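Heads up: the structure comes next, in structure tokens.
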Amino acid sequence: MPTSSSSDSFWIRHLLRRAGFGASPEELTHYLSLGYEGTLDELLSPDKVDDHALTAKLKLQGFDYTNLDDLQRWWLYRMNASKRPLLEKMTLFWHGHFATSDSKVKNPYGMYVQNMLFRKLALGNFHEMLYAVSKDPAMIVWLDNQQNRKGKPNENYAREIMELFTMGIGNYSENDVKEAARAFTGWQAPASAFLFNRNQHDFGTKTFLGETGTFNGEDIVRILVKQEATGRFLARKLCKFFVADEPDEAMVQRIAAVYQSSNFNIKKMLRAIFTDDVFLSNKSYHAKIKSPAEFVVGTLKLLQIEQLDAGIPMAMERMGQSLFKPPNVKGWDGGAAWIATDKMMNRFNFAAKMSTERFNEVLDHTSPLALVEKQGLKNSKEIVNYFLSLMVDDDVPQSTHKRLIAYVASDITGKPVETIPDQKTLDAKLRGLTHLIMTLPSYQLS
């Protein structure tokens, strides 16, 4: 477990798992050279990081944004290859927060447009984000605002913008829902583009959260973002996503205060989260269960696998997370739901596949023996120590540590050996070792 004297390196690894999807050995070397503050500065300033290489790689892949399978692989490719990991992680956060599913939208390109919107505004101002999402065609279809007309308001979006996107249950009345619905009448998206239909908009006077006026949807957004309840709600969701499945309430209040004092600035909230004493403590370390996206992309990074198998999105779906298809308007439950028995078996199956079929691509495409030689590893203990440090920060019981050493220090029949075996045997051993580590409880945690 971490202590107050834990090294900068330790907390950088912790930060990269939370603010991104972990790191490849090469990426880790880069971030370690920056130190914790330098790493955080780079993560929070994606516009200053050259990511043209990703753009070029994406063009070569030839993804079809009108095809959902391609769209899922496109986003996984971005998560894996981008030099702006926090931008992708925040895009994932917003996808869960403003949960929209192609199962109803039935327009993968519209989902792509929404995803790009999340990425563009990911670290910006929540007021701007909420307003843009309210006009997003996929969201309008998802929450039925196409049917929201003068004289016959549809309350679906009006309810969810308060219950799920801003204040949360208990901070508004049924009359607030009705009045907000009237304000959003005429906000439509024919032909997959936003249109304000004046003929279907209710221009009458409305009273919403204690304010009265001839409000439209933009006014509802303005009123909602300034509510203290909105700051607390968003701060709690961010802390739950980045810090712990059961967030510290005092920390939530501190981050909510930053929301208000910064005029709803997401980047400043994130900086406050990643520099908070709770984040840099035992309360946060390995306190979150990896989502399938984190588990899969983190594994791809560790094994430096760039070409994504077409079956990976389906493997993720079996683990409980299908990108662009959250289960409902609340998004994914997360937490313990990620490690139900059937979900865990699918994690183990994925680990087995990655550690066997693709092991030839580990670490600069070198052979396992070349890796051992490159790291100067002399024996089974050093090999196990290296991989445990790389993959789980050495967070395993001593008994597990000993069993892994005994596993490596034997031939493929289990017979003890005194020296590092031949290349063929070592290759098999390292495949098995990485698979075993990926099935450990600590590997399921970020």
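Start at 1 with the first residue, then count along the sequence. What you are looking at is a predicted structure, and each value in this text was computed from that prediction instead of being measured.
The neighbour count for Phe63 CZ, taken as heavy atoms of other residues, nucleotides or ligands under 6.0 Å away, is above 12. Other residues, nucleotides and ligands contribute more than 12 heavy atoms inside 6.0 Å of the CD atom of Gln227. For Lys267, the NZ atom sits in a packed shell: over 12 heavy atoms of surrounding residues, nucleotides or ligands are nearer than 6.0 Å. Within 6.0 Å of atom CE in Met344, more than 12 heavy atoms from other residues, nucleotides or ligands are found, so the atom counts as buried in its surroundings. Within 6.0 Å of CD on Glu246 lie no more than 12 heavy atoms contributed by other residues, nucleotides or ligands. Annotation: Asp277, atom CG; neighbour count of heavy atoms from other residues, nucleotides and ligands within 6.0 Å does not exceed 12.
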>> For Phe203 and Arg198: C-alpha separation, side-chain torsions, deciding distance, then whether side chain to side chain contact (heavy atoms under 4.5 Å, CB included) applies.
In response: CA-CA 9 Å; Phe203 285 92; Arg198 295 181 60 87; 3.9 Å; yes
> Would Phe241 and Lys89 satisfy side chain to side chain contact (heavy atoms under 4.5 Å, CB included), going step by step from the backbone distance to the final call?
Replying inline: CA-CA 10 Å; Phe241 187 81; Lys89 196 65 170 286; 3.9 Å; yes
>> If you apply the rule salt bridge (Lys or Arg N to Asp or Glu O under 4.0 Å), what do you find for Arg159 with Glu155, and how did you get there?
In response: CA-CA 6 Å; Arg159 185 177 302 279; Glu155 298 177 0; 3.5 Å; yes
> Does the side chain to side chain donor-acceptor pair (under 3.5 Å) test come out yes or no for His14 and Ser284, once each step is laid out?
Replying inline: CA-CA 9 Å; His14 172 66; Ser284 174; 3.3 Å; yes
>> As a quick check of understanding, evaluate side chain to side chain donor-acceptor pair (under 3.5 Å) for Tyr157 and Ser134, giving each step before the final call.
In response: CA-CA 9 Å; Tyr157 185 69; Ser134 298; 2.6 Å; yes
>> Apply side chain to side chain contact (heavy atoms under 4.5 Å, CB included) to residues Met319 and Phe350 and explain how you reach the verdict.
In response: CA-CA 9 Å; Met319 295 180 211; Phe350 178 80; 3.4 Å; yes
> Can you list the steps and then say if Lys353 with Asp309 is a salt bridge (Lys or Arg N to Asp or Glu O under 4.0 Å)?
Replying inline: CA-CA 11 Å; Lys353 179 179 176 62; Asp309 189 291; 3.8 Å; yes
>> Could you walk me through whether Asp394 and His401 satisfy the side chain to side chain donor-acceptor pair (under 3.5 Å) test, starting with their C-alpha distance in whole Å, then the side-chain angles of each, then the deciding distance to 0.1 Å, before giving a yes or no?
In response: CA-CA 9 Å; Asp394 297 313; His401 187 262; 5.9 Å; no
> Under the side chain to side chain contact (heavy atoms under 4.5 Å, CB included) criterion, do Met269 and Tyr259 qualify, and how do the steps go?
Replying inline: CA-CA 6 Å; Met269 294 178 75; Tyr259 173 86; 3.6 Å; yes
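In this structure a side-chain-to-backbone donor-acceptor pair under 3.5 Å is present from Gln321 to Ala293. With hydrogens and angles ignored, the 3.5 Å screen pairs a side-chain donor or acceptor of Ser101 with a backbone N or O of Ser103. Side chain of Gln72 to main chain of Leu323: a donor-acceptor pair is present (N/O by atom type, distance under 3.5 Å, no hydrogens or angles). One N or O on the side chain of Asp70 and one on the backbone of Asp64 form a donor-acceptor pair closer than 3.5 Å. When atom types are taken as modelled, the side chain of Thr439 and the backbone of Leu436 share a donor-acceptor pair closer than 3.5 angstrom. No donor-acceptor distance shorter than 3.5 angstrom exists from the side chain of Gln260 to the backbone of Ala256, with no hydrogens or angles considered. In terms of modelled atom types and a separation under 3.5 Å, the side chain of Thr166 and the main chain of Ile161 share a donor-acceptor contact. Not one N or O on the side chain of Lys206 forms a donor-acceptor pair closer than 3.5 Å with the backbone of Ala183. Between the side chain of Asp395 and the backbone N or O of Val392 there is no donor-acceptor pair closer than 3.5 Å. Of the possible polar contacts, one joining the Arg182 side chain to the Thr205 backbone as a donor-acceptor pair under 3.5 Å is found.
Salt bridge Asp50/Lys83: absent, no basic N to carboxylate O contact under 4.0 Å. Note on Glu249 versus Arg236: salt bridge recorded, some NZ/NE/NH1/NH2 to OD/OE distance being below 4.0 Å. Looking at Arg17 and Asp393, a side-chain N of the basic residue comes within less than 4.0 Å of a carboxylate O on the acidic one, giving a salt bridge. Between Asp144 and Lys104 there is a salt bridge, with a side-chain nitrogen of the basic residue lying less than 4.0 Å from a carboxylate oxygen of the acidic one.
Just one residue in the list Leu76, Leu71, Val296, Leu308 forms a side-chain contact (heavy atoms from CB on, under 4.5 Å) with Pro313, and that residue is Leu76.
Using a 4.5 Å heavy-atom cutoff, the side chains of Asn107 and Val141 are not in contact. Gln444 has its side chain out of reach of Met438: every pair of non-hydrogen atoms, C-beta onward, lies at least 4.5 Å apart. Between Asn171 and Met162 the shortest side-chain heavy-atom distance does not fall below 4.5 Å. Looking at heavy atoms from C-beta onward, Leu15 lies in side-chain contact with Phe279 at the 4.5 angstrom threshold. Put simply, the side chain of Val278 reaches to within 4.5 Å of the side chain of Arg254, judged on heavy atoms. Using a 4.5 Å heavy-atom threshold, the side chains of His95 and Trp75 count as touching. A 4.5 Å side-chain heavy-atom check between Ile312 and Leu300 finds at least one atom pair inside the cut-off. Residues His201 and Lys150 are not in side-chain contact: their nearest non-hydrogen atoms beyond the backbone lie 4.5 Å or more apart.
Taking OG1 of Thr230 as the start and CE of Met167 as the end, the distance is 6.0 Å to the nearest 0.5 Å. Summarising the geometry, atom CD belonging to Glu218 is positioned 4.0 Å from atom OH belonging to Tyr131; distances are rounded to the nearest 0.5 Å. The NE2 atom of His435 lies 11.5 Å from the CD1 atom of Ile437; values are rounded to the nearest 0.5 Å. Considering CG of Asn156 and CG of Asn145, their distance stands at 8.5 Å, rounded to 0.5 Å. Note that the CZ atom of Phe126 and the OG atom of Ser262 stand 12.0 Å from one another [nearest 0.5 Å]. Rounding to the nearest 0.5 Å gives a distance of 10.0 Å between CD of Gln307 and CG of Asn80.
Phe215 and Phe208 have their aromatic ring centers separated by at least 6.0 angstrom.
Cation-pi check for Lys290 over Tyr443 is met; the charged atom lies under 6.0 angstrom from the ring centroid and within 45 degrees of its normal. By the 6.0 Å and 45° rule, Arg18 does not stack over the aromatic ring of Phe274. Because its NZ or CZ atom is not both nearer than 6.0 Å to the ring centre of Phe264 and within 45° of the ring axis, Lys226 does not count as a cation-pi partner of that residue.
Side chains of Tyr77 and Ser82: no donor on one and acceptor on the other come within 3.5 Å. Side chain to side chain, Gln114 and Asp136 meet the donor-acceptor criterion of an N or O pair below 3.5 Å.
Between Trp94 and Phe98, the ring-plane angle classifies as parallel under the 30° and 60° cut-offs.
The two residues Ala19 and Leu43 make their nearest non-hydrogen contact at CB-CD1, 3.9 Å. Closest non-hydrogen pair, Cys239 versus Ile255, comes out as SG-CG1, 3.9 Å. Taking all atoms of both residues into account, the shortest heavy-atom contact from Val105 to Ala138 is CG2-O, 3.6 Å.
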